[in-house]
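As structure tokens, the structure follows; a few thoughts come after it.
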Amino acid sequence: MSYKIDLSGLQAGSRQTTQQLVRRFVEAIEAGEFAPGERLPTTRELARDAEVNPVTAARVYRRLAELGYVTATVGRGTFVRSLPPFASDELDDEWQSIALPGLRFPARERVVQEALRLSLSRDVVSLAAAYAASETIPAREIGAAAAAVIAEGPGVLHYTDVEGVPELRDQLGELGRLRGFAAGGDEILVTTGARQGIDLAARAILREGDVVCVESPTFVGILGSLESTGARVIGIPTDEDGLDVEALERALTRYPVKLVALQPACQNPTGRHLSEPRRRRLVELALERSFFVLEDGVYADLVFAGEAPQALRHEAPAHFLYVGSFAKVLGGGLRVGWIAARGPVFNRLVALKTQTDLNTSPFDQRVIARYLESGSYPALLERVAPLLSRRAASLAEALERHLPGETDALEPLGGHNIWTTFRRRVNEQALYAEAIRRGVSVMPGGSMLAEPSTRTCLRLTFSLCSEEQLDEGIKRLAAAFNAVLREERYAATGPLA
Ligand SMILES: Cc1ncc(COP(=O)(O)O)c(C=O)c1O
């Protein structure tokens with residue numbers, strides 16, 4: 001490997017060497033000597049060529065990742081990031097990376113942070129941030145509910161029960177009876193977004209070395225929470241009928257699985273539902289083999305046509321935990337979600353919630369309770385679904401228009417996303433970086449898989465963009481795809497090809 005950084009004259013002592021190597025990489029990346037998306041040498045190569053030990057080489061890359069210069073993907077390597085780092089001039093806090101314990105898989109979190117950050121940029125079409133459609137967020141009604149709540153006096157600004165504000169729990173209990181996710185308000189713990197519900201469930205059930213199965217692909221946040229417990233996360237394939245329950249059954253014979261996490265309706269990222277025979281079999285398996293199931297219903301209400309499938313939890317309420325949220329309809333900024341469970345696991349969830357943040361903003365909970373009381377939520381859902389369905393169709397058409405014959409996109413039955421696989425393989429990290437450079441942000445498929453894959457996949461979100469923006473976004477994505485293909489061909493064959 002011909003090095004783009006100078007490896008000569010390194011000082012002895014692992015701390016000094018680490019610092020020097022980090023500085024040299026930072027300078028080279030900032031000078032543009034490494035292109036966005038470019039792969040760095042492996043830690044083994046770096047250790048050999050810089051004559052440092054492998055731990056030092058690994059520490060250099062970890063530090064570069066912490067500073068925001070590179071992204072590491074397990075099984076694929078370390079890549080130069082496309083965006084300016086978060087803290088480029090803070091190289092004097094190196095001691096922290098020695099003092100801090102290693103963070104598992106920070107690459108997933110980076111992708112999420114970038115998606116959120118880029119959603120605010122005027123120059124970037126965001127096909128990465130799965131937000132509620134702005135046009136249907138009932139801001140005026142939420143505002144009226146907030147005004148009515150605050151008019152009740154200072155009491156509404158007090159802390160509340162850890163489980164949640166009673167009136168919201170009651171309303172969620174009622175919704176739960178209708179949709180099948182809870183038998184009543186006493187099974188509900190209000191959480192700071194469904195994201196916290198997932199995290200509490202992972203911490204309540206899993207310990208280091210336990211085995212958990214997830215859909216592959218799945219929501220990046222599920223992977224993050226499961227992995228952070230130190231559990232072994234096994235990806236089970238999905239197809240247009242949802243999780244492959246036969247493949248799950250094979251995994252169950254091989255491993256002592258403690259938890260299965262899935263989204264049976266409008267799955268993120270595929271937008272598909274679990275088929276009826278697979279639903280039945282999954283419930284039988286949970287009952288027969290006594291494992292927990294984390295049912296994520298965050299998108300379940302957003303079906304494009306017909307009735308939303310019933311939650312599975314009512315079939316086996318002691319085995320299933322259910323997480324839900326208002327984020328995808330009322331807006332993610334309210335951060336109000338819930339988890340439904342019963343028995344000892346519910347008590348553990350409440351204990352963990354007490355340790356974590358005590359309460360999800362009681363004020364926000366009361367605002368949502370007030371809004372739900374108005375009775376307009378079901379009608380809102382009916383307005384949201386056709387808008388999302390139109391946007392999904394526009395995005396699929398734009399893919400056909402700008403990338404004809406290049407992608408296989410699953411047709412979503414609901415939700416905010418389309419999962420698409422490229423027929424030709426290109427470097428996914430390079431495509432991700434090039435897309436951002438050309439003004440469109442997407443979610444790289446690798447961030448949603450428990451295990452590395454050789455295929456090039458993207459999650460494309462249609463909820464936030466107008467039809468024109470979707471077209472423009474895909475046009476930019478096509479330009480990025482062609483640029484990466486050209487570059488890869490050039491790298492393989494040289495300038496004469
Ligand atoms: C499948 C899934 N579950 C949970 C969440 C987290 O939802 P919340 O914003 O309520 O934390 C998301 C958010 O994107 C999601 O896609």
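Order of listing sets the numbers, starting from 1, for every ligand and every atom in it.
For atom 6 (C) of ligand 1, the closest heavy atom belonging to the protein is Arg195 N, 3.6 Å. For atom 14 (O) of ligand 1, the closest non-hydrogen atom on the protein side is Lys328 NZ, 2.7 Å. Annotation: atom 9 (O) of ligand 1 to nearest protein heavy atom, Arg335 NH1, 2.9 Å. Here the protein heavy atom with the shortest distance to atom 12 (C) of ligand 1 is Phe219 CZ, 3.3 Å.
Residues Thr192 and Thr360 have side chains that bring a donor and an acceptor to within less than 3.5 angstrom of each other.
Counting heavy atoms closer than 4.0 Å to ligand 1, residue Phe326 contributes nothing at all.
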task: Apply side-chain hydrogen bond (donor to acceptor under 3.5 Å, both in side chains) to Thr461 and Ser463, showing your working.
output: CA-CA 6 Å; Thr461 297; Ser463 56; 5.7 Å; no

- request: Take Ser119 and Tyr131 through the side-chain hydrogen bond (donor to acceptor under 3.5 Å, both in side chains) test and state the conclusion after the steps.
  value: CA-CA 9 Å; Ser119 73; Tyr131 291 6; 2.8 Å; yes

Taking only distance into account, with no hydrogens and no angle test, what donor-acceptor pairs under 3.5 Å do side-chain atoms of residues 304-311 form with protein atoms, sequence neighbours excluded?
none

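Here is the list of ligand 1 atoms found below 4.0 Å of a heavy atom in Gly193: 8 (P), 10 (O), 11 (O). Within the listing of ligand 1, atoms 1 (C) sit less than 4.0 angstrom from a heavy atom of Gln263. Heavy-atom contacts of Ala327 reach the following atoms of ligand 1: 9 (O), 10 (O) (cutoff under 4.0 Å).
Using a 30° and 60° split on the angle between ring planes, His416 and Phe462 fall in the perpendicular class, above 60°. Using cut-offs of 30° and 60° for the angle between ring planes, the Tyr377 and Phe326 rings count as perpendicular.
No side-chain heavy atom of Gln263 sits less than 4.5 Å from a side-chain heavy atom of Glu295.
Between Lys475 and Asp471 there is no salt bridge, since no side-chain N of the basic residue sits under 4.0 Å from a carboxylate O of the acidic one.
Under a 4.0 angstrom heavy-atom cut-off, Gln196 registers as lying outside contact with ligand 1.
Taking all heavy atoms of Ala194, Gly297, Pro269, Cys266 into account, the minimum distance to atom 8 (P) of ligand 1 is reached by Ala194. Between atom 16 (O) of ligand 1 and the options Asp296, Asn268, Leu334, Ile198, the minimum heavy-atom separation is to Asn268.
Among the atoms of Ser325, some N or O lies under 3.5 angstrom from an N or O of ligand 1.
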